[in-house]
Amino acid sequence: MSEAHLEPDAAATNSEDHPATPLLEMRSVNAHYGAVHALIDVDLAIYEGELVCLLGGNASGKSTTLKTLLGMLKPTSGEVVLDGEVVNDQPTSYRVARGVTMVPENRRLFKRLTVRENLDLGAYLRTDSDQIAADMERVFELFPRVKERLNQKAGTLSGGEQQMVAIGRALMSNPRVLLMDEPSMGLAPALVQQNFELIQQIHRAGMTVFMVEQNANMALSIADRGWVLQTGRVVLDDTAQNLLAHPDLQASYLGTAEQQ
């Protein structure tokens, strides 16, 4: 993906007023890998019920943002806040138990395990067996194809079916916010549209979704809001509709979205 330099736009901030406390937030977060300054004063706020996206090219800091939100990387300064609680020192397992989970890049299923076994792994931190069974049924309602494939090895499924299982596995943790890392990556072009329809489907069912994506056109077509990250800095922050019309974003991303 070609990428021109975008200057931070102080005026291009989210225009909506949110009276509620963000469900998940980064406040002036800096993160490093040794001497490499990977995130620079990053501010993000994800509110309950939203579908929001983080856009950017390779090495922009998108994956580092997810790792920091999940507790896989501790900020060198700033705060990660989950439902009003600063969780900088809390491990990933704590955040998952509090409602943050992720559909990883390229789905990362256990291919030698069955679909059912992969789904069961999504609920490994839970003890509420009755609700686990109810959530399994909810996954089947969302994705009837998954129920049809329950006893198949996950590695034998098509790319689109594997994505359904990966989303279903994440939903089995009973999340409050679903993080998605490059959900279109590794899918055949014909499946990319289907994949974003799946994301819309789970959002309409009430799930808060934060997706990291390179395919700006597709991501913004279904998102409420978005941010653009470049070399570790948030350079654009606005509603999805405004970002789609932003001339700098069009020049840097939208013109090449089909080749991403």
Side-chain angles (χ1 to χ4, degrees), residues 1-15 22 24-46 50-81 87-88 92 100 102-106 177 179-186 209-221 223-260:
M1 179 175 62
S2 62
E3 182 177 345
H5 181 69
L6 298 176
E7 292 295 333
D9 186 349
T13 57
N14 178 34
S15 60
L24 187 60
E25 188 177 8
M26 297 177 79
R27 298 176 181 167
S28 300
V29 165
N30 288 269
H32 291 76
Y33 296 109
V36 177
H37 200 167
L39 295 180
I40 305 168
D41 296 325
V42 170
D43 290 295
L44 299 174
I46 303 161
E50 287 191 309
L51 196 170
V52 292
C53 62
L54 180 65
L55 309 173
N58 293 328
S60 62
K62 302 191 309 298
S63 293
T64 302
T65 300
L66 286 177
K67 289 177 181 178
T68 305
L69 288 171
L70 279 167
M72 300 165 66
L73 180 67
K74 186 175 179 178
T76 46
S77 65
E79 296 177 330
V80 177
V81 185
V87 292
N88 287 30
T92 300
V100 181
M102 185 170 75
V103 179
E105 180 184 322
N106 289 325
V177 56
L179 311 181
M180 307 193 75
D181 189 6
E182 302 283 6
S184 69
M185 181 170 286
V209 179
F210 174 65
M211 62 176 165
V212 163
E213 225 343 304
Q214 287 197 46
N215 192 326
N217 257 326
M218 291 298 298
L220 291 172
S221 72
D224 299 310
R225 296 188 296 118
W227 301 269
V228 177
L229 199 62
Q230 191 171 76
T231 57
R233 293 183 185 274
V234 173
V235 293
L236 292 174
D237 167 14
D238 213 326
T239 64
Q241 184 177 5
N242 287 347
L243 286 174
L244 278 168
H246 197 289
D248 289 342
L249 189 66
Q250 287 180 339
S252 300
Y253 294 93
L254 300 182
T256 59
E258 293 181 359
Q259 283 75 48
Q260 293 167 359

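What's counted below: heavy atoms across the whole structure, side chains too, no hydrogens, waters or symmetry copies. Numbers here are sequence positions counted from 1.
- The shortest heavy-atom contact between Ser221 and Met218 is OG-O, 2.6 Å.
- Within a 6.0 Å sphere centred on CD of Glu79, heavy atoms belonging to other residues, nucleotides or ligands number more than 12.
- Formation of a donor-acceptor pair under 3.5 Å by the Asn88 side chain with backbone atoms of Val80 is found in this model.
- Within the 4.5 Å cutoff, the side chain of Thr68 has heavy atoms near those of the Met26 side chain.
- Between Glu213 and Lys62, none of the side-chain N atoms (NZ, or NE/NH1/NH2) sits under 4.0 Å from a carboxylate O, so this pair counts as no salt bridge.
- Put simply, the side chain of Met180 does not reach to within 4.5 Å of the side chain of Val212, judged on heavy atoms.
- Residues that satisfy the side chain to side chain donor-acceptor pair (under 3.5 Å) test with Ser63, not counting sequence neighbours, are absent from this structure.
- For Leu220 against Ala240, the heavy-atom pair with the smallest separation is O-CB, 3.5 Å.
- In this structure a side-chain-to-backbone donor-acceptor pair under 3.5 Å is present from Asp224 to Leu51.
- Residue Leu39 forms a side-chain contact (heavy atoms from CB on, under 4.5 Å) with just one option from Val234, Thr64, Leu73, Thr76, and that option is Thr64.
- Taking 4.5 Å as the limit, every side-chain heavy atom of Leu229 sits out of range of all side-chain heavy atoms of Leu236.
- Of all heavy-atom pairs spanning Ala219 and Leu55, the tightest one is CB-CD2, 3.9 Å.
- Two residues are said to be in side-chain contact when any heavy atoms from C-beta on lie closer than 4.5 Å; Asn58 and Gln214 meet this criterion.
- Side-chain contact check for Asn30 versus His37: some heavy-atom pair is nearer than 4.5 Å.
- Heavy-atom minimum distance, Ser184 versus Asn215: OG-CB, 4.2 Å.
- Counting heavy atoms from C-beta outward, Phe210 and Leu24 have side chains that stay 4.5 Å or more apart.
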